[in-house]
Amino acid sequence: MVASLTRINTETGRRLLARSRDTYIILCNMYCLFARTHNLLGNQGASTWPWDAPWDYQDPAVTRRLKTTDDYVNLRANWAENVALGHAEIRYPTSIHELQDIVRSANGKIRAVGSAHSFTDAMDTPGGTLISTSCFTQVHGLDPDAMTVKVESGITYGQLAKWLHPMECALNNVASLPHISVGGGIATGSHGTGVGFGNLASDVAAIEYVTASGDIVRYSRDETPDLLQASVVALGCLGIATTIELDIYPTYKAREMVYSHCDFDAFVDGIADLSYTRDAVSAFVDFEHEDISLLFMRDRMHNNDYDITVPMDCSALPQTFMGGDLYTKPIVCYESGESTASTHHGTWFDTQMFFMNNGWETRMDTIALHTEFFVDLCDAAAALRAVQSVAAHWKGMGTWDGVHPETAGLNITCELRVTKCDSGWMSPHGGSKDKMSIHFTLANYPAQAAQVVDELQRVLEPFRARPHWGKLFSMEHEQLKSLYPKMEAFRELCRSHDPDGVFTNPWTKRVLNL
């Protein structure tokens, strides 16, 4: 490990580093450059809605409509296709200088978009300019002394994981989805799981923005620690993130044990204590049938001799836990329709990402809507009882057969995860208490989903639950400001970066009163 990092300091190491970059990242950049040269990615107008795309399933609501490359190049909608984007033009800068020129010359509002994996209109800029970071996917290199990697904001976590792994390096935590961009995951405070690990923004050592004036500002842990905490979960309001320096760690392997149909009461009453006994704990819950459908417990294996190339010996593991049985069959994911491993061992990224198998991202052909709220882990049991009072009656709970998305009903599943608290001003995990996240995956029926979100917010209000910034919620500024003590200071910072409100939109008006 040390030798590998030391070599990067040499000129030969730097050349090898450049040559070893993920082929996919290089091809993405080549495509963007080619497309811009031939005016394939030029200023794209807003599209009509809906589209005449064919359906794969009986129920069109659950099937992805956007089928072609052009659909995604033009960014006619967000990931879940529940928000039609109304930008007048979309730009694909390939350099920071080009980005600065676009910002300085743009007429009207500007918003940035990474992988568009938001379920709200947070990225939308009606009549304005949408700036995609999809050509900002380069890795600038490792700093072996600081143990950081410098990347461009448009790179996805899946791409970065595949770049880091051959360097014998790892990230501390990643989200379930490898498809999301680093810039977007940080800006919304997205997270993985593990009470010892913070959200994605907590691993930022430095970040640079192009501000509304076209100038570049940089905040770092060493030079401007307070402003770094203010600027990581920035919700797109401080400017366009260009480069980000992330903490890295020596590579590690992980072992995950999965148990099915664990005792509901034992889990709910014991989740806070259980979370501190493992590196990571998460669970899928069926409230209607009072069942912990699947309980995941993951431990990091730092022993270099631990061999993940041979099948895991499941007979050596506890066969029961909390009344549930060890589960070894593949798990079929709703949005991809593909199987992922249950009890297994593997690389640090394969074991953390549901939609990344053997180093490859899985397709996501089925549409779903997401909502998620965070409560203090010490309140977990009471909060889950409150959620049970409404979720047990939501249509669809526990009915998906693992094969037919169109028959799943509205409520697909609920996933629980835990995350370490942090000091981010607008971080949903900010404060002095570790958090539990309560996430629901819902079929793409927006009106019915909105009712579920409202009910969920209502029963969690006594617990001062904070919403995930990138998922569905209906709270507005007056309620949110009581949950974020630093919100007014953040608004002042935004106004100092962007006095004319160039980076604001209807979403920031509702949520931040900007």
Side-chain angles (χ1 to χ4, degrees), residues 53-65 67 79-82 119 176-177 179 256-264 267 282-296 314 320-344 353-357 361-372 384 387-388 390-417 438-449 451-453 455-456 471-472:
W55 305 108
D56 291 340
Y57 291 110
Q58 177 181 349
D59 186 346
V62 303
T63 308
R64 189 166 297 286
R65 308 182 192 198
K67 299 293 183 181
W79 177 279
E81 301 177 15
N82 63 314
F119 298 85
S176 297
L177 284 169
H179 315 74
E256 188 158 63
M257 296 182 293
V258 182
Y259 292 87
S260 63
H261 304 300
C262 296
D263 183 85
F264 181 84
F267 174 82
S282 62
F284 288 90
V285 183
D286 179 346
F287 285 101
E288 180 180 355
H289 301 100
E290 295 191 352
D291 180 35
I292 305 303
S293 303
L294 293 171
L295 170 62
F296 294 75
C314 294
T320 61
F321 185 82
M322 275 192 176
D325 296 322
L326 185 69
Y327 193 80
T328 59
K329 298 178 182 178
I331 300 168
V332 180
C333 298
Y334 175 80
E335 287 159 285
S336 68
E338 297 188 18
S339 298
T340 188
S342 55
T343 297
H344 72 298
M353 295 178 176
F354 279 129
F355 301 98
M356 191 168 187
N357 287 329
E361 296 91 340
T362 57
R363 285 169 55 92
M364 306 284 281
D365 286 336
T366 302
I367 296 175
L369 301 175
H370 294 184
T371 186
E372 186 171 28
L384 289 174
V387 171
Q388 182 189 14
V390 293
H393 307 292
W394 291 339
K395 180 182 177 182
M397 176 69 80
T399 60
W400 183 47
D401 61 7
V403 179
H404 303 97
E406 69 272 19
T407 62
L410 171 66
N411 186 19
I412 310 304
T413 191
C414 171
E415 183 182 9
L416 309 177
R417 292 183 286 177
I438 304 173
H439 162 100
F440 280 88
T441 297
L442 307 169
N444 191 27
Y445 306 110
Q448 296 95 318
Q451 295 176 2
V452 164
V453 171
E455 279 194 84
L456 190 57
K471 299 181 182 180
L472 295 175

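Everything quoted here is computed from the prediction, not taken from an experiment.
Between Ala80 and Ala368, the closest heavy-atom pair is CB-O, 3.5 Å. For the residue pair Met397 and Ala391, the shortest heavy atom distance occurs at CE-O, 4.0 Å. The nearest pair of heavy atoms linking Thr399 to Ala408 is OG1-O, 2.8 Å. Between Pro446 and Asn444 the shortest heavy-atom distance is CD-O, 3.4 Å. Of all heavy-atom pairs between Phe267 and Ala283, the closest is CZ-CB, 3.5 Å. Nearest heavy atom pair, residue Thr340 against residue Cys333, reads CG2-SG, 3.7 Å.
For Val453, the side-chain contact (heavy atoms from CB on, under 4.5 Å) partners are Thr371, Phe373, Gln457, Leu472, not counting sequence neighbours.
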Review point. Hey, mind stepping through Glu335 and His370 against side-chain hydrogen bond (donor to acceptor under 3.5 Å, both in side chains) and telling me if it holds?
Key: CA-CA 11 Å; Glu335 287 159 285; His370 294 184; 3.1 Å; yes
Exercise for review: With side-chain contact (heavy atoms from CB on, under 4.5 Å) as the test, would you mind laying out the steps for Ile438 and Leu416 before giving the verdict?
Suggested key: CA-CA 5 Å; Ile438 304 173; Leu416 309 177; 4.0 Å; yes
Review point. When you look at Arg417 and Glu372, which way does the side-chain contact (heavy atoms from CB on, under 4.5 Å) test go after all the steps?
Key: CA-CA 10 Å; Arg417 292 183 286 177; Glu372 186 171 28; 3.8 Å; yes
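Centroid-to-centroid, the aromatic rings of Tyr327 and Tyr259 stay 6.0 Å apart or farther. Taking the ring centroids of Phe284 and Phe296, they lie under the 6.0 Å cut-off. In summary, the aromatic rings of Phe440 and Trp394 are positioned with their centroids under 6.0 Å apart.
Contact check for His439 versus Lys471: side-chain heavy atoms found under the 4.5 Å cut-off. Between Leu384 and Phe287 there is a side-chain heavy-atom pair separated by less than 4.5 Å. Inter-residue side-chain proximity for Leu326 and Val258 is flagged as unmet; no heavy-atom pair is nearer than 4.5 Å. Using a 4.5 Å heavy-atom threshold, the side chains of His179 and Trp79 count as touching. Between Val452 and Leu442 the shortest side-chain heavy-atom distance falls below 4.5 Å. Residues Ser176 and Met353 have side chains not in contact (no heavy-atom distance under 4.5 Å, counting atoms from C-beta outward). In this structure, Glu290 and Gln388 have side chains that are in contact, with non-hydrogen atoms separated by less than 4.5 Å.
Separating the CE atom in Met257 from the CG atom in Leu295 is a distance of 9.0 Å, to the nearest 0.5 Å. Here OG1 of Thr366 is found 10.0 Å from CD of Glu338. Values are rounded to the nearest 0.5 Å. Here His261 contributes atom NE2 and Asp291 contributes atom CG; the two are 5.5 Å apart, rounded to the nearest 0.5 Å.
Remark: the backbone N or O of Phe119 is paired with a side-chain donor or acceptor of Asn82 at under 3.5 angstrom. Judged by distance alone, the side chain of Thr441 and the main-chain N or O of Thr413 form no donor-acceptor pair under 3.5 Å.
In summary, the side chains of Ser342 and His344 do not present any donor paired with an acceptor at a separation below 3.5 Å, with no hydrogens or angles considered.
Ring orientation note: the planes of Tyr334 and Trp400 are nearly perpendicular, at an angle over 60° on the 30°/60° scale.
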